Amino acid sequence: MLDIKIIRENPGLVKKAMDNRHESSAIIDDILRIDTDRRQNISKLDGLRQERKTISSTEREKAQERGRALREEIQAMEEEVNKLDAQMQDLLLQVPNIPQSDVPLGKDDTENVTVRTWGEPKKLNFKALPHWELGEKLDIIDFERGVKLSGTRFYVLKGMGARLQRALIAYFLDLHTNEQGYREIYPPFMVKRECMVGAGQLPKFAENIYHDAEEDYWFVGTAEIPLTNLHRDEILNADDLPIHYCAYTPCFRREKMSAGKDTRGIKRGHQFDKVEMYKFVTPETSEEELEKLTRNAEDTCQKLGLAYRVRVLCTGDIGFAAVKTYDIDVWSPGCEEWLEVSSCSNDADFQARRTNVRYRPTPDAKPQFVHTLNGSGLGLPRTLIAVMENYQQPDGSIAVPEVLQKYVGAKVIK
RNA sequence: GGAGGGGUCGCAUAGUGGUCUAGUGCGGUCGCCUGCUAAGCGAUUUCCCUGGGAAACCGGGGACGAGGGUUCGAAUCCCUCCCCCUCCGCCA
């Protein structure tokens, strides 16, 4: 959510940002209109309330008649202001963040800019198999039984397949906590409705979320949701910042996609695992923190020996809440594509304003919004795919990357 | 799931229809004093919206778990919901 003051004082800037995102900016004029209307009504309402206050404390019985009339006027005016508040809120929630000035202009993902690469995309001197074939041959991925249990886009990891995934999770968490300065969090995987609103999932993406109607619990689609809400409605001390969290969660996403290249294998299921990194920082440090966050995610890929590229997303592809985003894609020789394993974003104060997370720069200063950042470290099924396909051997076995060997308890999966 | 108790300013508490402009203590902040520290003394101390102002600040309104209601007037009375505590039941 943007600060209404920015929209009020500089609507051109906001419209321009929306144009760059290739989104209609018509909504801004609606917001300006409602803003004016709302403030006029608030002014009237405050006047009426002031009169009520005076009357009821000075004139008592005499004032009863005027008081009754006032009550009705106030109620009507309150209704009007509430309505405008709700409309305003609803519209503000639909305005995307303003991309940072160094974000490249572009219409869609074809215009993202590769800022650096690491390693050489692996070329195997034998025919590389895609993970769905490797997985079945080694009996570590079972697609049919996944479908038997839960339907399309579910799978079962078995034996060393399950073990390899667990090893990756444990390794990521250990790396983030022991070497990169993050604090591990084990959050709930189901949260209340208001957390979904705070994290920006509701109301817009309701159809993508699994939800228990009876208890009104919502299943998280990413650890970002509980982490964002962890400090909701809190005022943090300046010396609490920065806060660096990481968390493993399963992620549940309903998104209906037609079968095809994008959903082949285990690339995109309704349930997947992810380790997420999340930061609460002071505004003046967030740009730099994004660079560090991205380096942490890259470091994770490097330690696994996976070649990758880092791309800065252009204005047409960057997410709704972000001012700047880097995607990290690792090369996977079996399915022959770059797999997005991490997306690192600086949301600035956009999410903090929704969730009302503030801090006090000095003990007696006014509270102001923190900046938040999030990044995958890393997304699992895809990292699993990349490891399987990059480390496959001519005999169909999979060598275990060195850093994972102690977690897997083996040097090769066969 | 059942019975009872409770949610007030960072923490602890007072407040049972107008004197609440929410008091007090602790903590915090600033100052004074004490050659350090502790203690003492004095002042200050929530957040949101809104108007004015470059700002410091000033004026108005709102918020006592949330939302409704009663009333000229609600922290206080009524209703619904949420959360916490104690006991019972159930349970990995």
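Every chain is numbered from 1, with letters handed out A, B, ... down the list of sequences. Quantities reported herein were computed from a predicted structural model and do not represent experimental measurements.
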*Relative to each other, are the rings of H270(A) and Y210(A) parallel, tilted or perpendicular (30° and 60° limits)?*
perpendicular

Atom-to-atom span, [atom1] of [X] to [atom2] of [N] - whole angstrom:
{"X": "R354(A)", "N": "C48(B)", "atom1": "CZ", "atom2": "C1'", "value": "19 Å"}
{"X": "H231(A)", "N": "G10(B)", "atom1": "NE2", "atom2": "C1'", "value": "16 Å"}
{"X": "N237(A)", "N": "G10(B)", "atom1": "CG", "atom2": "P", "value": "12 Å"}
{"X": "E194(A)", "N": "G65(B)", "atom1": "CD", "atom2": "P", "value": "17 Å"}
{"X": "Q50(A)", "N": "G51(B)", "atom1": "CD", "atom2": "C1'", "value": "12 Å"}
{"X": "D35(A)", "N": "C49(B)", "atom1": "CG", "atom2": "C1'", "value": "12 Å"}

Return no unless some side-chain N or O of [X] is found under 4.0 Å from OP1 or OP2 of [N].
{"X": "R8(A)", "N": "U50(B)", "answer": "yes"}
{"X": "K53(A)", "N": "G62(B)", "answer": "yes"}
{"X": "R38(A)", "N": "U50(B)", "answer": "yes"}
{"X": "R360(A)", "N": "C47(B)", "answer": "yes"}
{"X": "R68(A)", "N": "U71(B)", "answer": "no"}
{"X": "R71(A)", "N": "U71(B)", "answer": "yes"}
{"X": "R39(A)", "N": "G51(B)", "answer": "yes"}

Suppose you measure atom [atom1] in [N] against the same atom in [M]; what distance do you get, rounded to whole Å?
{"N": "G7(B)", "M": "C91(B)", "atom1": "C1'", "result": "29 Å"}
{"N": "G18(B)", "M": "A75(B)", "atom1": "C1'", "result": "13 Å"}
{"N": "G15(B)", "M": "G69(B)", "atom1": "C1'", "result": "23 Å"}
{"N": "U8(B)", "M": "G62(B)", "atom1": "P", "result": "22 Å"}

With a 3.5 angstrom cut-off on both distances, give the Watson-Crick or G-U wobble partner of [N], or none if there isn't one.
{"N": "U37(B)", "result": "none"}
{"N": "G1(B)", "result": "C88(B)"}
{"N": "U71(B)", "result": "none"}
{"N": "A12(B)", "result": "U24(B)"}
{"N": "U29(B)", "result": "A43(B)"}
{"N": "G53(B)", "result": "none"}

*Y308(A) and side chain to side chain donor-acceptor pair (under 3.5 Å): which partner among E298(A), E340(A), R116(A)?*
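It is E298(A), the one option of E298(A), E340(A), R116(A) that forms the side chain to side chain donor-acceptor pair (under 3.5 Å) with Y308(A).
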
_Closer than 3.5 angstrom, by distance alone: can the side chain of T315(A) be matched with the main-chain N or O of G106(A) as a donor-acceptor pair?_
yes

*G47(A) vs I4(A), nearer the 5' end of RNA chain B by closest nucleotide*: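 The residue whose closest nucleotide sits nearer the 5' end is I4(A).
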
*Start at the 5' end of RNA chain B and walk down; is the nucleotide closest to I42(A) or to R49(A) reached first?*
I42(A)

*Ignoring the backbone of P367(A), work out which of C48(B), G73(B), G60(B) is nearest its side chain.*
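Shortest atom-to-atom distance from the side chain points to C48(B).
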
*Any side-chain donor paired with an acceptor under 3.5 Å for D395(A) and Q393(A)?*
no

_Pairing donors with acceptors under 3.5 angstrom, does anything connect the side chains of Y326(A) and E291(A)?_
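Y326(A) vs E291(A): donor-acceptor pair found between side chains.
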
*Decide yes or no for R264(A) and C335(A): does some side-chain heavy atom of the first lie under 4.5 Å from some side-chain heavy atom of the second?*
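Counting from C-beta outward, R264(A) and C335(A) never come under 4.5 Å.
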
*Could you state the interatomic distance from CD1 (I169(A)) to CG (L378(A)), rounded to the nearest 0.5 Å?*
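It comes to 11.5 Å.
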
*Presence of donor-acceptor pair under 3.5 Å, side chain of D46(A) and base of G61(B)*: no

